Number of protein chains: 2
Amino acid sequence: MMKPRSRRGGGRPTIADVARKAGVSAITVSRALREPERVSKELRRQIQHAVGELGYMPDPNARALASARADVFGVLVPSLTNNVFAEVVRGIYDSLSDGPFRIQLGDTHYSGLEEERLLHLFLSQRPAALIVSGIDQTAAARRLLVTAGCPVVQIMETGPDPIDMLVGFSHFDGGRVATQHMINTGYRRVGFLGARMDPRSQRRLAGYRAAAEGAGLFDPRLVTTTPVPSSVSLGRELFREALAKVPTLDAVFCNNDDIALGVLFECHRASIDVPGKIGITGFNDLDMMHVAYPSVTSIRTPRYEIGRNAVAMALEEIDGNRPETRVIDLGFELIPRESTAR
Amino acid sequence: MMKPRSRRGGGRPTIADVARKAGVSAITVSRALREPERVSKELRRQIQHAVGELGYMPDPNARALASARADVFGVLVPSLTNNVFAEVVRGIYDSLSDGPFRIQLGDTHYSGLEEERLLHLFLSQRPAALIVSGIDQTAAARRLLVTAGCPVVQIMETGPDPIDMLVGFSHFDGGRVATQHMINTGYRRVGFLGARMDPRSQRRLAGYRAAAEGAGLFDPRLVTTTPVPSSVSLGRELFREALAKVPTLDAVFCNNDDIALGVLFECHRASIDVPGKIGITGFNDLDMMHVAYPSVTSIRTPRYEIGRNAVAMALEEIDGNRPETRVIDLGFELIPRESTAR
DNA sequence: TTGTATGCGTTATCAA
DNA sequence: TTGATAACGCATACAA
């Protein structure tokens, strides 16, 4: 009876405190904060003043509860440490850092089941948008996404059948172009080295195979893969293995730049001439590839831009402007360097 | 009048639905979910059944609003792409993935002001715990953390004066040990190569200087730094610059492994013998350092373990068991390799 | 342009 | 061990 004021709240100023101080109603404060143009200039000023005075900050939980919508972007990537996704995530953060949106990042560890679990978790917040990696969601995950009730952007790949929106590039073409480049350069026993072999790696392998078969150079013994996560040291292992299988090997297309770097180091160690005896092409074009000696040919992928585009598309849809194009192919670029220049 | 049921809710099952189905009151469902032991076995069973039947998931926003506490760990790192922090973050995610906690990740871009901004943002959610990087918070940020009302763990460094809890290692000692190692090996003109030069880099430099001065080998011209963010290509630039300044340079302690790798490649390119003509020591001991040719000496830092320890400490405190030790020094390890073996 | 009444889904409080 | 009631802080619906 005596103290109807906050039993539980930590005594932080609420919207009601601001309203009282500014001499208006709570809902007017709410509006002034979210849609300033709908409130008269005069009141807006008073409210801004009161907000500053009190150090008021809206409670995102109360806001989410009342509006049935959290200002949260859910982002699901298969790995946090993989440099590739780190770049994508950076693009997302950079695009969202000056707005009202928080980012909820999830690591699926390349597991479809973990993706489902995280999706459930994220969905329970009623996120403003969802960004997920790849196009190989489980049936259950796909169902969840279709009925998510918010914009959904799949990233990293292109494909014919987006759940909602899609931005990426063709890994098949990337593998094909990289392999074709080495064939054009004159290499005849071009191997494929792949770690992890997630769906995107598989498609790069398919691209490799298409190019090799097109030139009549395919031989299954040239393909060396492992489900083990990628690393520089694994690149070395795979290369040794490949060379043991096929001593006439004269080039390798590597799943990614880590593998390529491992190959390069092993060539140094074993005094194998690059590009004379072995040609090397990587994938992603990390900074180190152009610094390496010899510098390493790679496929430059638009990782940061994928992040930015994904956010831009989602924001458009949130703003009510449904993007015309639902699929964006950002392409890639072959960067020929010393490692294949013979 | 007709339909007092949910105006706005998307029709998802609520705790009231579960309660009705289980024939109990809402609060009992709430308890059964959070503190099962406080509810009779019989009711617990019925409630679990109803939950499963309905596919009920608690609304984290409503929960946070009502309890004035969100099941969120706020994590602030200076960079998302830096491999070092990626490992720390992985440790944090791995430690939290099977619990009820979400993770809110923020990227301060090495800016104290951005850190303050994010802190405000995070605090408005009333997080369960906060993990922040480094010990050089601004006065304002420190104030916010002291009054955060939740466990706060500073990570990456050790120091005498934790805001609440602290887990890391001594960067000064790391720099000292790395430098001393090269001096012990016989190098006499040991340079320091540093990018970014954030506070931790500064302390590694101080350690370098202490070791160099201790041996009577310090010379300011041996120090080459830049505020530019670190990269492999920058390593090459810095090394060239250092060599131009001091042609008698015979070793370098690198701020981090990226720089060291850039130096190694430049040595290859310029046919400079490593370790004969130039010794190289890096910092962090990324996987590639032991694969490189020659393999590169580095300081192995417990990044993943820092993440795990930080979470463990915070969880202890959340559970009401205030950890005795407020500061954990996880140490580091010098890994001598070919690049300094002469 | 502004305000009133009401509910969002959950938990704290207090009583039984 | 269980339940009735009243917040939590804000935004929607509707009226003025």
Side-chain angles (χ1 to χ4, degrees), chain A residues 1-20 22-47 51 54 56-71 100 123-126 128, chain B residues 1-20 22-47 51 54 56-71 100 123-126 128:
Chain A
M1 280 285 105
M2 300 244 42
K3 289 211 151 200
R5 63 167 36 228
S6 56
R7 279 183 317 182
R8 314 191 271 215
R12 297 195 327 190
T14 74
I15 205 170
D17 298 324
V18 177
R20 207 168 307 123
V24 299
S25 73
I27 187 63
T28 303
V29 175
S30 175
R31 277 198 278 256
L33 262 29
R34 289 173 303 136
E35 327 168 80
E37 63 288 358
R38 291 198 32 173
V39 170
S40 71
K41 214 164 185 176
E42 176 55 13
L43 287 189
R44 214 186 307 164
R45 220 186 37 70
Q46 294 175 32
I47 291 172
V51 165
L54 263 37
Y56 168 75
M57 291 203 64
D59 180 331
N61 299 119
R63 178 172 275 184
L65 181 58
S67 65
R69 197 38 93 207
D71 285 349
L123 249 14
S124 72
Q125 295 178 69
R126 303 169 180 277
Chain B
M1 279 288 101
M2 301 243 43
K3 289 210 151 205
R5 62 167 36 224
S6 56
R7 279 182 317 185
R8 315 186 270 214
R12 297 194 328 188
T14 73
I15 204 170
D17 297 325
V18 177
R20 209 168 306 124
V24 299
S25 73
I27 188 64
T28 302
V29 175
S30 176
R31 278 198 278 255
L33 263 29
R34 290 173 302 139
E35 327 167 82
E37 63 289 357
R38 291 197 33 172
V39 171
S40 70
K41 216 166 184 175
E42 176 56 15
L43 287 188
R44 213 187 306 166
R45 218 185 38 71
Q46 295 175 32
I47 291 171
V51 165
L54 263 37
Y56 167 74
M57 290 203 64
D59 180 330
N61 299 119
R63 177 171 275 185
L65 181 59
S67 65
R69 194 45 89 207
D71 285 348
L123 250 13
S124 72
Q125 294 179 71
R126 303 168 179 278

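When reading the values below, keep in mind they use all heavy atoms of this one structure, side chains included, and skip hydrogens, waters and symmetry mates. Remember, it's a predicted structure, so these values are computed and weren't measured experimentally. Proteins come first, then strands; the chains are lettered A, B, ... in the order of their sequence lines, and each starts at number 1.
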Rounded distance (Å) that lies between atom P of C:dT1 and atom CZ of A:R44: 9 Å
Considering all heavy atoms, the nearest A:A19-A:S25 contact: CB-C, 3.7 Å
Spacing of CG belonging to A:D59 relative to CZ belonging to A:R12, to within rounding of 0.5 Å: 6.0 Å
Separation of atom CG in B:L33 from atom C1' in C:dG9, rounded to whole Å: 13 Å
Any donor-acceptor N or O pair under 3.5 Å, side chains A:S30, A:R34: yes
Distance below 4.0 Å between B:S67 side-chain N/O and C:dT10 OP1 or OP2: no
Side-chain donor or acceptor of A:R69 paired with backbone N/O of A:A64 under 3.5 Å: no
Atom-to-atom span, CD of A:E42 to P of C:dT2 - whole angstrom: 10 Å
Bending between helix ends of the helix from C:dT1-D:dA16 to C:dA16-D:dT1 [5 pairs per end, 10° resolution]: 20°
N or O in side chain of B:R34 less than 4.0 angstrom from C:dA12 OP1/OP2: yes
Expected output: side-chain B:R44 to main-chain B:P36 donor-acceptor under 3.5 Å: yes
Side-chain touch B:V39/B:V29, heavy atoms, less than 4.5 angstrom: no
B:R63 CZ to D:dA7 C1', straight-line distance once rounded to whole Å: 18 Å
Taking only nitrogen or oxygen atoms into account, show me every contact under 3.5 Å that the protein makes with nucleotides 2-4 of chain D, one pair per line with its distance.
residue, atom, partner, partner atom, Å
D:dT2, OP1, B:S40, OG, 2.5
D:dT2, OP2, B:S40, N, 2.7
D:dG3, OP2, B:S25, N, 3.2
D:dG3, OP2, B:S25, OG, 3.2
D:dG3, OP2, B:T28, OG1, 2.4
D:dG3, N7, B:R31, NH2, 2.7

Residue closer to the 5' end of DNA chain D, B:A62 versus B:E37 (nearest nucleotide): B:E37
Side chain proximity check, B:S124 to A:P60, heavy atoms < 4.5 angstrom: yes
side-chain contact (heavy atoms from CB on, under 4.5 Å) partners for B:E42, two or more places apart: B:S40, B:R45, B:Q46
d(CG, B:D71; P, C:dT11) in whole Å: 10 Å
Between P of C:dG9 and CG of A:D59, the distance in whole Å: 17 Å
Euclidean distance, atom CG of residue A:L65 to atom C1' of C:dC8 [Å, nearest integer]: 4 Å
Protein-nucleotide distance (A:R20, atom CZ; D:dC10, atom P), rounded to Å: 12 Å
Considering all heavy atoms, the nearest A:Y56-A:T14 contact: CE1-C, 3.5 Å
